[in-house]
A.B. asks: 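Have a look at this one before I ask anything.
Quantities reported herein were computed from a predicted structural model and do not represent experimental measurements. Just so we're on the same page: letters track the sequence lines, and every chain starts at 1.
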Protein chains: 2
Amino acid sequence: MRLSTKGRYAVTAMMDIALHERVGPVTLADISQCQGISLSYLEQLFAKLRKGGLVEGVRGPGGGYRLALPADQISVADIIQSVDEKLDMTKCGGKGNCSQGEKCLTHQLWFELSCNLYRFLSGIKLDQYVNRPDISELVKQQDIQYGRFLNRPQANA
Amino acid sequence: MRLSTKGRYAVTAMMDIALHERVGPVTLADISQCQGISLSYLEQLFAKLRKGGLVEGVRGPGGGYRLALPADQISVADIIQSVDEKLDMTKCGGKGNCSQGEKCLTHQLWFELSCNLYRFLSGIKLDQYVNRPDISELVKQQDIQYGRFLNRPQANA
DNA sequence: TAATTCCTGACTAAATTAGTCAGGAATTAC
DNA sequence: GTAATTCCTGACTAATTTAGTCAGGAATTA
């Protein structure tokens, strides 16, 4: 599947949106500052997340990004797949022609591993973390720390 | 954790050894040819696998690499950890100081994800694949295809 | 009309992955 | 012994991916 910091950035940003969505769209500038990710890099990642149908952008003042689906329908697997492209870990892309037209020795291993990993990661949805007391406490602290959502214009819901 | 082709190379090579171990040590030259991985790159990976205590080298003609542990005691997680270093997916390395000395928003997410992923991958041992009929059939085919283990001197067991 | 924010594409820099090369050390077969 | 085999090491290069920069345009709001 490929699990790297790129996927972590994406999941982190999506979590950030999910946690603050009740207040309105979340700007990339906010995420950039709070999570310490470069703005332009975020824009690249969100281009992919938008193409993957996970978020939608709202332009203009008061705009930002919103989840395109309910938080209980967006899984960690969805996010990682959107930015990291490959879910499949087989060399051949699941076609079974990895070794001179035949399945290679470890084809079955990677195939099963991919399936299991996918099943596991797609079982973790964003909303599982939104309503947890320990996390919503953190959210409050950080909102204060960054002065987030103070004096912000309201976008059209 | 970080799951990339590097880890796949390592697991593939280890599988190859496990599958052929009954015949004796397996040379990197053989693995290189059969699995299509550059010999020198394999040497780099095996330096790490040896340091990780997963394999031991046997020098001289008839030599090669052997598993340092029984196949039922070597997991996919062990192998990936040996070559890819990091198991932990938190930004802070599990210390909880990811955001100005405090736990960052997604600390808990990554911590739990790391634990679960590790538990999952460490549950898959090499021996689970060695004795499967579909795979041992493939092994035979490929041994013939590559003329493997023909006219090889026997190393000291 | 000005400010805000998404959105796009081209470019650069740093890190990682993959591969190359040259040579040394241990072991076996002769 | 000598030659062949194989592990083993370190330095180097190339390709790819990740991360970040920059400049500017498009939609929206105040």
Side-chain angles (χ1 to χ4, degrees), chain A residues 1-10 12-13 17 24-33 35-52 54-66 68 80 83-86 91 148-149 151-157, chain B residues 1-10 12-13 17 24-33 35-52 54-66 68 80 83-86 91 148-149 151-157:
Chain A
M1 160 171 280
R2 214 210 248 125
L3 242 44
S4 63
T5 50
K6 190 180 181 184
R8 187 175 63 205
Y9 273 13
T12 300
I17 293 179
V26 179
T27 69
L28 292 189
D30 266 351
I31 299 176
S32 170
Q33 199 197 348
Q35 307 294 348
I37 307 172
S38 112
L39 178 58
S40 299
Y41 193 45
L42 275 175
E43 282 176 339
Q44 285 177 44
L45 295 180
F46 271 77
K48 293 188 177 182
L49 291 171
R50 192 158 31 80
K51 277 172 196 158
L54 300 184
V55 294
E56 50 192 25
V58 181
R59 296 188 185 188
Y65 276 99
R66 263 199 304 250
I80 291 176
V83 298
D84 257 344
E85 283 112 40
K86 293 173 202 165
K91 200 177 179 181
R148 217 165 165 181
F149 303 116
N151 313 319
R152 278 199 80 211
Q154 288 297 316
N156 57 352
Chain B
M1 162 175 275
R2 218 213 246 122
L3 241 47
S4 63
T5 48
K6 190 179 179 183
R8 187 175 63 206
Y9 272 13
T12 300
I17 293 179
V26 179
T27 69
L28 292 189
D30 266 351
I31 298 176
S32 170
Q33 199 198 348
Q35 307 294 347
I37 307 171
S38 110
L39 178 58
S40 299
Y41 194 45
L42 276 175
E43 282 176 339
Q44 285 177 44
L45 295 181
F46 272 77
K48 293 187 177 181
L49 292 171
R50 192 157 34 78
K51 277 171 196 157
L54 300 184
V55 295
E56 51 190 25
V58 180
R59 295 189 186 188
Y65 276 99
R66 263 198 303 248
I80 291 176
V83 297
D84 257 342
E85 285 110 38
K86 293 172 202 166
K91 200 178 179 181
R148 216 164 162 180
F149 301 117
N151 312 319
R152 279 199 78 209
Q154 289 295 318
N156 57 350

A.B. asks: A:Ser32 and A:Ser38: which non-hydrogen atoms are nearest, and at how many Å?
C.D. replies: OG-C, 4.1 Å
A.B. asks: Would you please name every residue forming a salt bridge (charged side-chain N to carboxylate O under 4.0 Å, His left out) with B:Glu56, sequence neighbours left out?
C.D. replies: B:Arg66
A.B. asks: Ignoring hydrogens, what is the shortest heavy-atom contact between A:Pro25 and A:Val58? Give both atom names and the distance.
C.D. replies: CG-CG2, 4.2 Å
A.B. asks: Please name the pair of heavy atoms, one in A:Ala13 and one in A:Leu42, separated by the smallest distance, quoted to 0.1 Å.
C.D. replies: CB-CD2, 4.1 Å
A.B. asks: Hey, where does DNA chain C pair up into stems, meaning at least three consecutive Watson-Crick or G-U pairs with distances under 3.5 Å?
C.D. replies: C:1-30 with D:1-30
A.B. asks: Heavy atoms, side chains only, cut-off 4.5 Å: are B:Val83 and B:Gln44 in contact?
C.D. replies: no
A.B. asks: On DNA chain C, compare the nucleotides closest to B:Gly36 and A:Leu39; which residue's is nearer the 5' end?
C.D. replies: A:Leu39
A.B. asks: Ignoring hydrogens, what is the shortest heavy-atom contact between A:Ile17 and A:Ile31? Give both atom names and the distance.
C.D. replies: CG1-CD1, 3.9 Å
A.B. asks: Just how far, in rounded Å, is P of C:dT5 from CD1 of A:Ile31?
C.D. replies: 12 Å
A.B. asks: Give me the ring orientation class for B:Tyr65 and B:Phe46: parallel if the planes are under 30° apart, tilted from 30 to 60°, perpendicular past 60°.
C.D. replies: tilted
A.B. asks: Between the side chain of A:Ser4 and the main-chain N/O of B:Arg2, is any donor-acceptor distance below 3.5 Å?
C.D. replies: no
A.B. asks: Classify every nucleotide of nucleotides 8-19 of chain D by which part a protein heavy atom approaches to under 4.0 Å, writing B for the base, S for the sugar-phosphate alone and - for neither, in 5'-to-3' order.
C.D. replies: BB--------SB
A.B. asks: Could you state the atom-to-atom distance from CD of A:Gln35 to P of D:dG20 in whole Å?
C.D. replies: 13 Å
A.B. asks: Atom CG of B:Leu42 to atom P of D:dT6: distance rounded to whole Å?
C.D. replies: 15 Å
